[in-house]
**Q** 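This is the structure I want to talk about, given as structure tokens.
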Protein chains: 2
Amino acid sequence: MFSKVLVAEDYEIANQGIIKILNDKIGIHNIEQAKYCDDAYLKFRKAYNDQKAFELLITDLSFKEDHKIQTITSGVELIKGIRSIQPDIKVIVYSQENRPDKINMLFKNFNINGYVCKGQNAVNELIRCVDGVYQGATVQPPELTNSSEINMMIHLDDLDIMLLEKLSHGLTKKEIRTKLKKQNISPNSESAIDKRVSKLFDDFKAKNTTHLIAIVKDLGLI
Amino acid sequence: MFSKVLVAEDYEIANQGIIKILNDKIGIHNIEQAKYCDDAYLKFRKAYNDQKAFELLITDLSFKEDHKIQTITSGVELIKGIRSIQPDIKVIVYSQENRPDKINMLFKNFNINGYVCKGQNAVNELIRCVDGVYQGATVQPPELTNSSEINMMIHLDDLDIMLLEKLSHGLTKKEIRTKLKKQNISPNSESAIDKRVSKLFDDFKAKNTTHLIAIVKDLGLI
DNA sequence: AGCTGAATTACAGAAATCTGTAAGGACATA
DNA sequence: TATGTCCTTACAGATTTCTGTAATTCAGCT
């Protein structure tokens, strides 16, 4: 089993919970924790330079900001930074994020080894995940394999996201059109915008703009 | 110190984290945990009937629904149920909720003894809270005392919340009006609804309904 | 060049939103 | 009873949304 693990998670209680699982259920005792990405990175660097490198990183994705100013602010950046030094370190992401395409992106672009979704069965999932990763497997969460989710099927391009954001900021279609024209972005007629938004209505089964924004806010798409 | 504690929290990792703190940092070892409200309630009943009542309940507010059908679905109901049997049990709420008026409501209406906000400093806050409650104090979170938040100033009554929810579900004002009339809820003219929503526009500095819903979604109000 | 399909644009009408003004009722106070 | 305030309701007009249809452009393909 892994003998040295780094846990990066800003919520202290969750941090403690992970450590308890690693301790009691998996039998890993050499664990260090960090509440901030910068802190995690420093601990990693020090251990690496001392020839006592970590074998596994368990990290959250989003870290709440507070008074401390951080250079690394997200789990993704942390992973990038650590992997650039020690490419073979195993990485498990532990996050609230449950959007399949976002999780998929982590596996594809950052080659993470496992993903555990914060939730009701996180303990067993975490145990399974650590075991699997130790044996060299790539462990995807149930959310990904079972997913018949709406947001997996729907492809949103940059323009769609931009439209949704503008709408959520209360701009009218006319204002959006003006803005697009100013920026020389290609589909910029009011009817083209109408068409696109109508398509989004279909995709998300929304009744009107307000409904649409509520849905994509709930999905965390914007 | 408390000798017997019940922890109700659906996120397993957080659950484990709380137990670890109680164990390691406060020295409480007789702890039971529950992932569901019903489960917590049953454990409480059993202990009470066996003359081995719990002295402290630490509970979350919201419990995610899954396949198991529950009769008690929220921490508030759980508190009500338990207090109706054992009025003097101490209660600490541990939740993500950070709206001052909601937290205040818990102290005022349910006489909870302490509140800890899930967050970066939850460990120390929890320790402080358990200590304080044990000594008979009422322990409010820093969020309550420091808060200069917008949502502290704006008072939303039940009708406001209902309107926002209906709007976020894509209902038109006409549909909302019909629904209110059916349920015999008093202000049910279209213009009354208009007025109320307009007031919300002012409160939240929203430009239109879509913008408004985006804002209150971001604030977590619905 | 000519064809085809997809995307963009223009236009138009019905429905809904947003913003006023005005009138009526409930309620407390003097 | 009279007065003022607050809330509800009615109505109206300008603006915006939503949903069609039809014309135009553009890229890929033969």
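The structure presented is a predicted model; accordingly, all values stated were derived computationally and were not measured.
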**Q** Please classify the nucleic acid contact of B/Asn188 as base, sugar-phosphate, or nothing, using heavy-atom distances under 4.0 Å.
**A**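 It contacts sugar-phosphate atoms only.
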**Q** Within the 4.0 Å heavy-atom criterion, would you say A/Ser191 contacts the bases, only the backbone, or no part of the nucleic acid?
**A**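 Base contact.
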**Q** Give one of base, sugar-phosphate or nothing for A/Lys195, where a contact means two heavy atoms less than 4.0 Å apart.
**A**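 Base, at least one base atom sits under 4.0 Å.
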**Q** Give A/Arg196 one of three labels, base, sugar-phosphate or nothing, depending on what nucleic acid heavy atoms sit under 4.0 Å from its own.
**A**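 Sugar-phosphate, backbone atoms only, no base.
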**Q** Any salt bridge between A/Arg177 and A/Glu190, counting N to O under 4.0 Å?
**A**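 The answer is yes: the pair qualifies as a salt bridge.
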**Q** Testing the 3.5 Å rule here: is there a donor-acceptor pair between the side chains of B/Lys179 and B/Asn188?
**A**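 Side chains of B/Lys179 and B/Asn188: no pair found under 3.5 Å.
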**Q** Checking B/Glu175 against B/Thr178: is there a side-chain donor and acceptor pair closer than 3.5 Å?
**A**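 There is no such pair between these side chains.
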**Q** Going 5' to 3' along DNA chain C, between which two nucleotides do contacts with chain A fall, using a heavy-atom cut-off of 4.0 Å?
**A**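 Using the under 4.0 Å cut-off, the span is C/dT8 to C/dC11.
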**Q** Could you tell me the separation between the CD1 atom of B/Ile193 and the P atom of D/dT8, rounded to a whole number of Å?
**A**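 Between P of D/dT8 and CD1 of B/Ile193: 11 Å.
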**Q** Cation over ring, B/Lys118 on B/Tyr11, under 6.0 Å and within 45°?
**A**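 Verdict for B/Tyr11: a cation-pi partner in B/Lys118.
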**Q** Within the 4.0 Å heavy-atom criterion, would you say B/Asp194 contacts the bases, only the backbone, or no part of the nucleic acid?
**A**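 Base contact - B/Asp194 has a heavy atom under 4.0 Å of at least one base atom.
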**Q** Tell me the interatomic distance from A/Phe201, atom CZ, to D/dT17, atom P, rounded to whole angstroms.
**A**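 For the pair A/Phe201 CZ and D/dT17 P, the rounded distance is 10 Å.
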**Q** Give the rounded distance in Å between these two atoms: CG of B/Leu171 and C1' of D/dC18.
**A**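 Value for this atom pair: 17 Å.
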